[in-house]
Number of protein chains: 2
Amino acid sequence: MWSPSETPRPEQPTGRQPTVLMTAVKAGRVNQGRVLQALHDLGPLSRADLARLAGVSRATIGSIVQPLLERGLLAEGEPQRGATPGGKPARPLWFAPDSPPLAAVHLVPGWVEAALVSADGRILAAASGRFRVTAPAATVVDCVVDRLNAVLAGSAARALGVGIAVGGIVESTSGTIVACNLMPELSGLPLGPLVSERVDLPVHLDLHPRAQAIGDRWSGPGRGEQSFASIYIGEAIGAGLFLNGAIHCGPAGAGGEIGHTVVDVRGRTCRCGQRGCWETIATRDWLREEAARLRLPAAQAMTTALLAGLSAAGNADAKELFERYAHNLALGVVNLQQILAPGLFILHGDVIAGGEALRGRVERQARSQLPPRSAAEPQITFGSAHDRTTLLGAAGLVLSQSFPLVG
Amino acid sequence: MWSPSETPRPEQPTGRQPTVLMTAVKAGRVNQGRVLQALHDLGPLSRADLARLAGVSRATIGSIVQPLLERGLLAEGEPQRGATPGGKPARPLWFAPDSPPLAAVHLVPGWVEAALVSADGRILAAASGRFRVTAPAATVVDCVVDRLNAVLAGSAARALGVGIAVGGIVESTSGTIVACNLMPELSGLPLGPLVSERVDLPVHLDLHPRAQAIGDRWSGPGRGEQSFASIYIGEAIGAGLFLNGAIHCGPAGAGGEIGHTVVDVRGRTCRCGQRGCWETIATRDWLREEAARLRLPAAQAMTTALLAGLSAAGNADAKELFERYAHNLALGVVNLQQILAPGLFILHGDVIAGGEALRGRVERQARSQLPPRSAAEPQITFGSAHDRTTLLGAAGLVLSQSFPLVG
DNA sequence: CTGGGTATGTACGGGCTTCTGACATACCGA
DNA sequence: TCGGTATGTCAGAAGCCCGTACATACCCAG
């Protein structure tokens, strides 16, 4: 039961994308999505609150919310007194504790993690497993389905669907892994349909940084934000761009390859073949090389946490390197801000260990590098340390697909 | 009668953006916009064609189109025989020759151009004027209104509205010019409301590169494209980003400042204070400096056309510089492609004079700099030489605002 | 000249959604 | 016990899209 929910119509007179019209029922789904989003953004709200928020009548909100209550996705909380005396107390709406859960998978080279997530973002069950990077595709699929079945077994209610986040290049419309540098066996694998058939649930496949961005939006620092960039800085660098209320996705799932934007055209050669990619000066590898050059202690095991410690302890070389690393990180942020002006940048991965010392430095650097005329100063935030964001985002993929926010 | 058409609701419980819901009538407007877009993309189409294109019944298209016919925006053409024999000949729909026109203004330092544009993108009348860059704001407003009245007088039908494209930083929601480096007198000027009051028409103000992108979309190489970047390369560099069927606009109208993204962090200092902005190696100024360094003939008046000529004539230095310039241009394109993957890049401004020789070089350079795994190779196109695109785009602003394509 | 075939445009009822106004409900305080 | 106030709901109306059926217009074969 493979269901990308929007199968492209088979034949079009021209080669371009079809013109798609708005329908009453589509409008209804969009509105349901907007209400869910508002609840996620602002916490439990009564129908009256939602009506004021959207500028519509309470009756309208009632009719939008009704199907969600009947499906068991939402539930009414205890009546609560408002600030003003008098009046009927409002019954806040919130995600039902026993709502149909969402299944999520995070697949990276050699490792897979599956989880069952409640609609309000709590992880109900989790299971993970390792596999050989060189394992054949079938083994990987088995591993994914195994872990998925393990977490699905823990729930009496049938899950709404499965979201899969993959590190690599994917085509989300067909659910196919186009390429995966570190697991070449998976290239061309239609993982979405395969898993969908085995677990008999709709499956949504997408890029890891994009899922991460959705996770930030649903239950991270991006909550309630209209635009932000969610950047992963680890062995590689990628970004999920949330722009004007929707995750950005180029043709065939491209985009977000911010790690391979050139910032130092005469710099060192990147493994992608280009010179001076951001990755060459902003990943841990760069940090360790520079640390070794400066003969810092434990250079080969250098982390942002260690460096922050050395810097705070007064090591001049470490201090300089720390500042330079912040500068390098800020470079990519600044470029993105100039182009898209998301305003908010949520950093994940290795940098998080650098803590407030690093965050503040990056933010200061970024702001000083931007022209003062910029209306809103960009804000830098770190994701949470125990990084379940991607997993939550994978779950959010299911909701995003079920309730599209934009027509 | 200032009308940004979507005045934000006055008071919200929270500080964030309001939740906005979909309405039947909104859906109707969106569908009207989609139909107009399809017509603009594909030329005159019958109702049956449109129905097939959108996958809906002919009756639906009929009801969508009816109000547009009654408003005089569209008209039925002569019955035309289809390819197959038999059947009632289709009556193609197209923009009415006597449809209500759109007014457009292009305002740059020292110069203003106004035009009356028909709905199908023909320029019906034009007027331009100069003013001193240091002139007070009132003078500039007078100049704009004068030229506007001049072109408006030529039409019996009342115009739908006025679109104004401004080189500078604007806030489109309030119609205010936030800052304008080369005309500091205009900073903070609420040009939109001022003009709207004087000509008694709704006015839509936006950034020059964004208007340019809309122009490309409505009547340029971007026609029918879902995503592309429209880049202006002149004394400065700016970009309008058309992403997934909508023009991208950051908070307060920010974004698109691609000229000040860093590509050569150890390069020369930009006037913005940063080092190695794309502008420092991709504008005409760089070209002339390098030409002078190489002692090329007419270095101080060097243009891409001249350089292309010298290169074709066999001048080795010119050839090398030409290639290097193409490389520099490609740098920005590649970065944008990595981040957003628009797939299509429409270049305007000085570079156009470089002709196919330059276009081909930039495209080749860009493709060679991108990893081969990229699904779709980026395409480079030049705008038309007699560049009326911005003016047409300013007119398109009016339509875009009247018929939003995305709910 | 006539009738079959085909494709276009339109009329009508049905379903879905939101909007408006009115009504029942629930709590507070006098 | 009775106003005052805020919440949630019900019924009717309006707007939009959808499916079907019907009138229209043309070609072509006989």
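Reminder, nothing fancy here: chain letters follow the sequence lines and each chain counts from 1. None of the values given here were measured: they were computed from a predicted structure.
Here the side chains of A:Pro100 and A:Arg71 are not in contact, with every heavy-atom distance at 4.5 Å or above. Side-chain contact check for B:Phe95 versus B:Leu36: some heavy-atom pair is nearer than 4.5 Å.
Distances from the side chain of B:Arg52 to the nucleotides D:dC18, C:dT8, D:dC26 place C:dT8 closest.
Across the protein-nucleic acid pair, A:Arg34 atom CZ and C:dT17 atom C1' stand 15 Å apart, rounded to whole Å. Distance CD (B:Glu78) to P (D:dA25): 14 Å, rounded to an integer number of Å. In this entry the distance linking CG of B:Leu50 with P of C:dA7 reads 18 Å, nearest Å. B:Glu70 places its CD atom 11 Å from the P atom of C:dT10, with the value rounded to the nearest Å.
Look at B:Asp41 and B:Arg217 and you find a salt bridge, because one of the NZ, NE, NH1 or NH2 atoms lies within 4.0 Å of a carboxylate O, short of that distance.
Along DNA chain D, the nucleotide nearest to A:Ala48 and the one nearest to A:Thr23 differ in position, and the one closer to the 5' end is contacted by A:Ala48.
For A:Arg29 (side chain) and A:Phe403 (main-chain N/O), no donor-acceptor pair under 3.5 Å exists by modelled atom type. In terms of modelled atom types and a separation under 3.5 Å, the side chain of B:Asp216 and the main chain of B:Ala213 share no donor-acceptor contact.
Here the shortest heavy-atom pairing between A:Ser99 and A:Leu73 reads CB-O, 3.7 Å.
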### Query
In B/S/- notation, 5' to 3', how is nucleotides 9-16 of chain D contacted by protein heavy atoms closer than 4.0 Å?
BB-----S
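A close approach under 4.0 Å does occur between a side-chain nitrogen or oxygen of A:Thr60 and OP1 or OP2 of C:dC19. Note on A:Ser63: a side-chain N or O is less than 4.0 Å away from OP1 or OP2 of C:dT18.
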